[in-house]
Amino acid sequence: MKRVILKHGTGRDDMNAKRYVTLRSRSGRFHIQLEKKALWMMCGLALALLIIGVISVGWGDTYVHPWEVLRAIWGRGSGDYDFILYRLRFPRALTGVLVGAALGIAGAVLQGIIRNPLASPDILGITGGASVAAVTFIAYGGAVLSIQWLPVAAVAGALVVSLLVYTLAWKDGVTPIRLVLVGIGLASAMSSITTLLLVMSSSFTAGKAYIWLTGSVYGASWNNVYTMLIAIVICTPLVLYFSRSLNTQELGDDVATGLGVEVQRHRVMLLLLSVILAGTAVAVAGAIGFVGLIAPHIARRLVGRSMGSLTLVSALVGGLLVYLADLLARTVFYPIDIPAGIFTAGVGAPFFLYLLLQRRNQY
């Protein structure tokens, strides 16, 4: 008779191999495990975004056929629509997608840190801090400094407010509930300061700042695309690197610490990454609200709670949301170009109330 040797865990390993795909760096030091379902979902969302973009980017005062759009993407266009596509519509479309992706990732990270589905850059004051800094720059610094410094000012404002939130919430460490309460208070304070700055500014400056605050990618340029791309390319791999830590923190701070996770240090790093993403998005497109709240919820319904998959799907969902909002903004009330933030707020505010009602017994 042949001796049969049973290896414990072999069946589970085979099941994991069927369900998961592991992506590793060349050195092997960094790896992330994604469900195959999540990979298919990402491919589907990316394909949907591409199809919608190719069809809709040609809509406007001058209609461009989707086939001509595809040829222009591959650099083989007829040349008749080069100015419209390359200088106006492509940068606007890409900026909208990247802004939504950044807000989606920032929202997913904040909800993971705080372990609260109501968390988002808007509610915690991060967007408010970026808005105060940006409005101050527009009102008082625009005549002295180049507008290219606006993203730096917005990120700096978001960083200052987030540090203030973290400092005020600190008491032998930072708990999620204190972070939320302090964040809501500072968000209200930032809103008041922004209103005061608008009142004290000239009518021209106030009008420009108010349109910016509403949130719009109108007039986006390739510089905006590059700015967003740099922020996302730098921050997303770092968020994925800390995704296992976030998954462990879901079990509670005590359990995560017992498992060897440096909770407070990782929390600071993740908060910093979300600030950079949200601050850059606000600098480029203004205060487009509720995307950081909605996108992670939709992504969670699609792929579950695992932070690796959730981060990437939140980015795609956020990009799709902002792109569709901007598409409606420039076509529904044509020839008037409505800020995209009006549409995201119109969907986001009822969604926020729905979440509150759904969890009213938990608070």
Side-chain angles (χ1 to χ4, degrees), residues 29-30 32 102-133 151-187 189-190 230-283 292-293 296 305-308 310-312 314-315:
R29 294 182 61 186
F30 171 75
I32 181 173
L103 291 173
I105 295 171
V109 169
L110 289 173
Q111 289 177 15
I113 293 173
I114 297 172
R115 302 196 295 274
N116 189 316
L118 301 179
S120 72
D122 322 85
I123 295 166
L124 293 182
I126 294 173
T127 302
S131 298
V132 168
V152 177
V155 172
L159 184 60
V160 168
V161 171
S162 63
L163 288 174
L164 192 57
V165 169
Y166 209 84
T167 302
L168 293 174
W170 182 275
K171 185 182 178 183
D172 299 325
V174 172
T175 61
I177 188 64
R178 282 205 302 268
L179 210 59
V180 170
L181 293 174
V182 174
I184 291 173
L186 282 177
M190 293 302 106
I230 290 169
I232 290 173
V233 167
I234 291 173
C235 293
T236 304
L238 293 172
V239 171
L240 293 175
Y241 177 77
F242 287 108
S243 62
R244 284 185 295 174
S245 173
L246 273 175
N247 287 331
T248 309
Q249 289 180 44
E250 288 277 346
L251 302 173
D253 290 0
D254 293 336
V255 175
T257 303
L259 292 172
V261 175
E262 298 180 60
V263 174
Q264 298 301 332
R265 188 171 71 87
H266 290 182
R267 194 168 281 164
V268 170
M269 289 298 300
L270 287 162
L271 184 62
L272 179 62
L273 292 172
S274 66
V275 165
I276 293 171
L277 288 167
T280 308
V282 170
L293 175 71
R305 303 182 66 87
S306 178
M307 278 303 302
L310 184 64
T311 298
L312 298 174
S314 294

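Please read these numbers as outputs of a predicted model, since none were measured by experiment. When reading the values below, keep in mind they use all heavy atoms of this one structure, side chains included, and skip hydrogens, waters and symmetry mates.
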Asker: Between Leu312 and Leu240, is there a side-chain heavy-atom distance shorter than 4.5 Å?
Answerer: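 Leu240 reaches Leu312 side chain to side chain.
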Asker: Give me the atom names and distance for the closest heavy-atom approach of Ala158 to Gly279.
Answerer: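 In terms of heavy atoms, the two residues are closest at CB-CA, 4.2 Å.
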Asker: Can Leu277 and Ile232 be said to form a side chain to side chain contact (heavy atoms under 4.5 Å, CB included), step by step?
Answerer: CA-CA 7 Å; Leu277 288 167; Ile232 290 173; 4.2 Å; yes
Asker: Restricting to pairs with a member in residues 118-132, which pass salt bridge (Lys or Arg N to Asp or Glu O under 4.0 Å), not counting sequence neighbours?
Answerer: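 Sorted result for residues 118-132: empty, none.
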Asker: Any idea which heavy atoms bring Gly308 and Ser243 closest together, and the distance?
Answerer: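 Minimum heavy-atom contact is N-CB, 3.8 Å.
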Asker: Under the side chain to side chain donor-acceptor pair (under 3.5 Å) rule, collect the residues that match up with Ser245, sequence neighbours excluded.
Answerer: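 So Ser245 forms a side chain to side chain donor-acceptor pair (under 3.5 Å) with Gln249, His266.
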Asker: Closer than 3.5 angstrom, by distance alone: can the side chain of Thr248 be matched with the main-chain N or O of Arg244 as a donor-acceptor pair?
Answerer: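 At least one qualifying donor-acceptor pair exists.
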Asker: Between Ile114 and Leu124, is there a side-chain heavy-atom distance shorter than 4.5 Å?
Answerer: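 They are in contact (side-chain heavy atoms under 4.5 Å apart), so the answer is yes.
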Asker: Would you please name every residue forming a side-chain contact (heavy atoms from CB on, under 4.5 Å) with Ala133, sequence neighbours left out?
Answerer: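 Here no residue qualifies.
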Asker: What pairs with Leu181 under side-chain contact (heavy atoms from CB on, under 4.5 Å), at least two apart in sequence or on another chain?
Answerer: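 Scan of Leu181 (side-chain contact (heavy atoms from CB on, under 4.5 Å), adjacent residues dropped) gives Ile177.
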Asker: Which residue in the set Ile105, Leu238, Val268 passes side chain to side chain contact (heavy atoms under 4.5 Å, CB included) when paired with Leu273?
Answerer: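 Result for side chain to side chain contact (heavy atoms under 4.5 Å, CB included) with Leu273: Leu238.
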Asker: Between the main-chain N or O of Ser306 and the side-chain N or O of Asn247, is there a donor-acceptor pair closer than 3.5 Å?
Answerer: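 Checked: no pair found.
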Asker: Do you know which two heavy atoms are closest between Leu246 and Gly112, and how far apart they sit?
Answerer: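 Distance-wise, the nearest heavy atoms are CD2-C, 3.6 Å.
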Asker: Specify the closest pair of heavy atoms between Ser120 and Gly292, including all atoms of both residues, with the distance to one decimal.
Answerer: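 What the structure gives for the nearest pair is CB-C, 3.9 Å.
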Asker: For Ser314, check side chain to side chain donor-acceptor pair (under 3.5 Å) against everything at least two apart and list the hits.
Answerer: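 Not a single residue meets the side chain to side chain donor-acceptor pair (under 3.5 Å) criterion with Ser314.
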Asker: Report the residue from Leu110, Val161, Leu159 that forms a side chain to side chain contact (heavy atoms under 4.5 Å, CB included) with Ile126.
Answerer: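 Only one option passes, and that is Leu110.
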Asker: Considering only heavy atoms from C-beta outward, does the side chain of Gln111 approach that of Leu293 to under 4.5 Å?
Answerer: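 Yes, their side chains come closer than 4.5 Å.
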Asker: What is the distance from atom CG of Leu271 to atom CD1 of Ile113, rounded to the nearest 0.5 Å?
Answerer: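 Result: 5.5 Å between the selected atoms.
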Asker: Between Val132 and Met190, which heavy-atom pair has the shortest distance, and what is it?
Answerer: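 Smallest interatomic distance, heavy atoms only, reads CG2-O, 3.4 Å.
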Asker: Considering all heavy atoms of both residues, which atom of Ala108 and which atom of Pro296 are nearest to each other, and what is their separation?
Answerer: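 Taking Ala108 first and Pro296 second, the nearest heavy atoms are N-CG, 3.4 Å.
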Asker: Quick test of your reading: applying salt bridge (Lys or Arg N to Asp or Glu O under 4.0 Å), list the pairs with at least one residue in residues 103-119, sequence neighbours left out, ordered by first then second residue.
Answerer: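 Only Arg115-Asp253 qualify under salt bridge (Lys or Arg N to Asp or Glu O under 4.0 Å).
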Asker: Under the side-chain contact (heavy atoms from CB on, under 4.5 Å) rule, collect the residues that match up with Ile276, sequence neighbours excluded.
Answerer: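 Residues passing side-chain contact (heavy atoms from CB on, under 4.5 Å) with Ile276: Cys235, Leu272, Thr280.
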Asker: Please enumerate all residues that pass side-chain contact (heavy atoms from CB on, under 4.5 Å) together with Leu168, with sequence neighbours excluded.
Answerer: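 Checked Leu168 against side-chain contact (heavy atoms from CB on, under 4.5 Å); matches are Leu164, Val182, Leu186.
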Asker: Which residue is it: Gln264, Arg178, Arg267? I am looking for the one with a side chain to side chain donor-acceptor pair (under 3.5 Å) to Tyr166.
Answerer: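 In the set Gln264, Arg178, Arg267, the residue that makes a side chain to side chain donor-acceptor pair (under 3.5 Å) with Tyr166 is Gln264.
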